[in-house]
Amino acid sequence: MYLAKLTVHNSQWRENDQQNQRKNANLLWSSSTWILALLPPDSIEQLLARTQAIAGLTLAELAGQLEVKLPVDLKRDKGTVGQLIEAALGACAGSKAEPDFPHLGVELKTLPIDRYGKPLESTYVCVAPLTGTVLEQFAESWVCRKLQRVLWVPIFAEREIPLAERIIGNGFLWQPSVMQYQALQQDWEELMEQISLGGLDQIRGANGKYLQLRPKAANSKALTTGIGSQGEAVQTLPRGFYLKTSFTSAVLAAQFNLA
DNA sequence: TTCTGATCATAA
DNA sequence: TTATGATCAGAA
């Protein structure tokens, strides 16, 4: 672990449509100058301060401050934005199955959005357990624990915008509302029931209102153990839980008072 | 244009 | 292989 100073420059919203700029810019983006450290934040307040400090920066600017090289595009480096934000906020590196900020109980998620503040992609939550989950309850599930507290960091990331010019938005801390929690629980219970009953092959991305089950693997040949239609063990494609954009869109709308 | 299934890099 | 970080890209 090391300390690094990060000076954040003022930056401006790169947007041609002046009306959209007025409508969303002040809500989604801020610009400021801060100094921050790359040690893990020791409080929620410090984490939020760091989040605000990088808001308004382009990815190239942040990469420059962190002295890391930014790839030309994400075709071969899909996780680079998330890792960049992790580094800027002082998240613990590594691929451990725990929150990015274990001591704070906070999970970090970047969220690519378009000029209207709508998510461009579904959001990966965690791998789906395909065996030995009959007695598991939602409250103890990985899905629930991961989504207990999330620091969402929107990234203005329309595909036409070069990676380097994409802008970091105003991150914010979120907890599911009672209704959101119940909706997620319902989706989760339905999906998990089907998994445990051997109906995995019939589950498509369209199942679930907000939470969906989709492949999460190196490629279509990757295999893991699952439950077959007769209850037997079979080799199948690893799956992961994802939040549909309708869900994350509502989260953003509530946070930024968008229509 | 949106959505689902497929895919890429890396660490342990 | 499974976990982390996700987006790609063709089908619908």
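All chains are named by letter (A, B, ...) in the order of the sequence lines, taking the proteins before the strands, and each is independently numbered beginning at 1.
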Residue-phosphate contact under 4.0 Å: [X] side-chain N/O, [N] OP1/OP2:
X: A:Arg214; N: B:dT4; answer: no
X: A:Tyr124; N: C:dG5; answer: no
X: A:Thr80; N: B:dA9; answer: no

Worksheet item: Using a cut-off of 4.0 Å on non-hydrogen atoms, how would the nucleic acid contact of A:Glu107 be classed: base, sugar-phosphate, or nothing?
Response: sugar-phosphate

Looking for any heavy atom pair under 4.0 Å, which part of the strands does A:Thr123 touch: base, sugar-phosphate only, or nothing? nothing

For this session: Starting from the C-alpha separation in whole Å, work towards a yes-or-no answer on side chain to side chain donor-acceptor pair (under 3.5 Å) for A:Gln65 and A:Glu61.
Result: CA-CA 6 Å; A:Gln65 299 295 343; A:Glu61 288 169 338; over 6 Å; no

Side chain of [X] (C-beta onward), nearest among [options]:
X: A:Lys244; options: B:dT4, B:dT7, C:dA3; answer: B:dT4
X: A:Pro112; options: C:dT4, C:dT7, B:dC8; answer: C:dT7
X: A:Asp100; options: C:dG5, B:dT4, C:dA3; answer: C:dG5
X: A:Val127; options: C:dT4, B:dT4, B:dC8; answer: C:dT4
X: A:Glu121; options: C:dT7, B:dA6, C:dG5; answer: C:dT7
X: A:Lys75; options: C:dA9, C:dT4, B:dT7; answer: C:dA9
X: A:Thr245; options: B:dA6, B:dC3, C:dA6; answer: B:dC3
X: A:Glu86; options: B:dC8, B:dA6, C:dG5; answer: C:dG5

Next item on the list: Could you tell me whether A:Arg166 sits above the aromatic face of A:Phe156, with NZ or CZ closer than 6.0 angstrom to the six-membered ring centre and within 45 degrees of the axis?
Entry: no

request  = Taking the side chain as every heavy atom from C-beta outward, state whether A:Ile54 and A:Leu89 have any atom pair closer than 4.5 Å.
outcome  = yes

Using a strict cut-off of less than 4.0 Å between a Lys/Arg side-chain nitrogen and an Asp/Glu carboxylate oxygen, indicate whether A:Arg115 and A:Glu158 qualify as a salt bridge. yes

- Side chain of A:Lys216, base of C:dT4: donor and acceptor closer than 3.5 Å? yes

Per nearest nucleotide of DNA chain B, the residue lying toward the 5' end, A:Ser122 or A:Ala218, is A:Ser122

Of A:Arg159 and A:Tyr242, the one whose closest nucleotide on DNA chain B sits nearer the 5' end is A:Arg159

dist A:Glu107:CD -> A:Glu98:CD (nearest 0.5 Å) comes out at 10.0 Å

